> 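Following this message is one structure expressed as structure tokens.
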Amino acid sequence: MSNLDQSLKDFVSEAEDILEDLENFISQLMEISPEDHRKPDIINAIFRDVHSLKGLSGMLNLENLSALSHRMESLLDDMRLDRVELSDEVVDALSHGVQLIIRMVHAVASGQGDDSVDIGEFIKDVNRIGQTSQDGEAGDLSGFIDVPAGMTEMLSEYEEHRFRDNIRKGTPFYSVRCHFPLATFDTLLRDLGNSIRDIGELITTLPQPDGGAEGSIGFLLFFTTKEPLENISKEFEGEGIILTSIPYKGEPPSPVSAVPAPKSTEGFVEDAMVEEIRGVSNTVRVDIVKLDHLMNLVGELVILRSNFSNIADRLRQHGGTGGAGVIQDLEKSNAQMEKKLIDLRESVMDARMVPVGQLFNKLQRVSKKIARELKKEVKIEFIGGDTELDKMIMEEMISPLLHMVRNCLDHGIENADERIAEGKDKVGLVRLSAYQQGNHVVLEVEDDGRGIDLDKVRAAGIERGLLGRDDLHAEEDVLSVLFKPGFSTKENVTEISGRGVGLDVVRKEIENVGGTVEISTVKGLGTRVTLTLPITLAILQALLIRSGRKVFAIPMGSIQETIQLEKDDIKTVQGREIINLRDKTLPLLRLERIFGIPSAEENGDAYAVIVGIANRTMGLMANELLGKQDVVIKPLGDAFSRVVGLAGATELGDQSTVLVLDVAGLMMEAIRLGSTEGKA
């Protein structure tokens, strides 16, 4: 690999980290008002990220990306100096710029040049927004507030502007004089600055020559806040910290009007947005503490490997005599090896995990844009962003989640007039939640819109032959029709609020990672879609079972318990085998029937492995339980991609290969078979 190739790979990885921060900050910018005291800090953070991208792209001669970053930087500078006001249109322009940067980084990652993305129209739009006028203000700041004469000369253009802007608004000013030990001043000063930002805007930090005692350094910090003095004084209690209120001297100058931005004209393209949200590289940022733990484990495994070598040498020396002590040492080392490998497995899995909030930040940007384009007033909430999920699974969830959020906004949430007529708040609500449930992560997308009209879905299902005309249909059976391929036609979008559009594809994508999807709805009140996903698809523990003459592996995360069956425990109802477990009826599935393999002897032992995902539970018939084992799932390839109920294959210690079951797929197959057998 050439140095240039490696440089581009490093750039893609670093650019993706910066873009993640950018999307987070732009999402925050969408939430605040123009008067919010956090506004300057957020704009400055976006400015720094764009500036970093400009520097990185310039080093690699990515001229298009460098030009785009430079123009965004200029717009942000105008915002920092209040030459351009904060508005939805400006946020849209910044969001559009980020989309273009993502496309360029994708192009670079795939070996194309950054010039494959056209930025001409974007540059024209941003040029119409920007303005190069000056503040038009003069005079030393000491003429307006009680600060040292000539202090204006010590400030940057931006700092001076923030002083003058707050003077125009009449915001209360304060100063904090402090001195800290040289050894720890950087940490203490950073903590003090963060405390100020929590309650107001930190404008400048000036070093002071008279820092106090020898071995210390002094600073003078100026900030503004609307908090009462008695509240903020509690934040600055400490040795060497003096808080002072700064009074005004005269009338503030007239404000300079900012330039409104033009309306965005870019339309919504779902496929393009999926690509923009999807990660560019497979890089995962890992805490150094996690890497240290991995290195320690590897070191311990190296020592254990030496122990095994020593034991092997002793066995060769002793031959058939004196082997009892050697065997005891071998068993001890093997137990230690097993423990360290379990620790290593868990640490590797932990390193693959990323917070769902990374995905939420990206969805927030595009979902707010969709809502604006649909001209709907919607509040979008995200809960549980700290919940962690395997990065590869999270990447696969981008398309399903985006599709469901758009369905909520487009077809679930009513327009303002309709909501008011129904006695609802005119502002709709869409909520995305994430939480851990055992060895699974649950993602929920819900809205308080019109819900699904089950009668219309039932009628459409009967008309298309997906439901029996004379059958009694439970709500679950009716909702399952939404996931049928071909159910969602253009006419259905009008008929049932579009809820079925593409859900067959959504379900397939979720089942591909071993997850399930369920819908619950109340007409007129809203709809909830629940995704239940495995935490990871990497190394996992599985229970090995024999069913018929074949051995299978069942992921432990899906297993609730195992029970031994007697012949009388198995009942048949409407052609389906069931068992009763603590007064609950569960369907029983025989794997040999699903996969067409030879059955075992009928008079042998029988077990039921009780598996469950979300609210669904069933039993898998087994002739023998072979114990737990760590497995690494490998894909089966295209030839087996259509086989229901298989997640992949794994290799055991004796070099044999067994199939790993997809519990979610088997549950859907059990529902299908039950429906078919019930009609037979």
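These values consider heavy atoms only, across backbone and side chains, with no hydrogens, waters or symmetry-generated copies. Just so it is clear, the model here is predicted, and its values are computed rather than measured. Quick note: residue numbers are just sequence positions, from 1.
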> Indicate yes or no: at least one non-hydrogen side-chain atom of Phe163 is less than 4.5 angstrom from one of Thr152.
no
> Scan Leu19, Leu53, Leu56 and name whichever one has a side-chain contact (heavy atoms from CB on, under 4.5 Å) with Glu14.
Leu56
> Tell me the closest heavy-atom pair linking Pro355 and Gly385, and the distance in Å.
CB-O, 3.5 Å
> Which pairs count as ring pair (Phe, Tyr, Trp, His ring centres under 6.0 Å) when at least one residue sits in residues 44-63, sequence neighbours excluded?
none
> Using the salt bridge (Lys or Arg N to Asp or Glu O under 4.0 Å) rule, collect all pairs that involve residues 106-118, keeping only residues at least two apart or in two chains.
none
> Under a 4.0 Å N-O cut-off, is there an ion pair linking Glu159 with Arg162?
no
> Would you say the side-chain atoms of Glu227 and Thr225 include a donor-acceptor pair closer than 3.5 Å?
no
> Does Glu509 form a salt bridge (Lys or Arg N to Asp or Glu O under 4.0 Å) with Arg507? I'd like the steps, not just the answer.
CA-CA 5 Å; Glu509 291 173 325; Arg507 186 182 70 177; over 6 Å; no
> Taking Ser116 for its side chain and Gln112 for its backbone only, find out whether a donor-acceptor pair lies under 3.5 Å.
no
> Are there more than 12 heavy atoms of other residues, nucleotides or ligands under 6.0 Å from atom CG of Asp386?
no
> Is it true that Glu201 and Arg197 have a side-chain N and a carboxylate O under 4.0 angstrom from each other?
no
> For Val445, run the side-chain contact (heavy atoms from CB on, under 4.5 Å) check against Leu531, Leu401, Thr530 and tell me which one passes.
Leu401
> Do Phe185 and Phe180 have ring centroids that are under 6.0 Å from one another?
no
> Which residues pass the ring pair (Phe, Tyr, Trp, His ring centres under 6.0 Å) test with Phe11, sequence neighbours left out?
none
> If you take all heavy atoms of Asp390 and Met353, which pair is closest and at what distance?
N-SD, 3.7 Å
> Give a yes or no on whether a salt bridge exists between Asp186 and Arg190, defined as a side-chain N under 4.0 angstrom from a carboxylate O.
no
> Can Tyr158 and Asn44 be counted as having a side-chain donor-acceptor contact under 3.5 angstrom?
yes
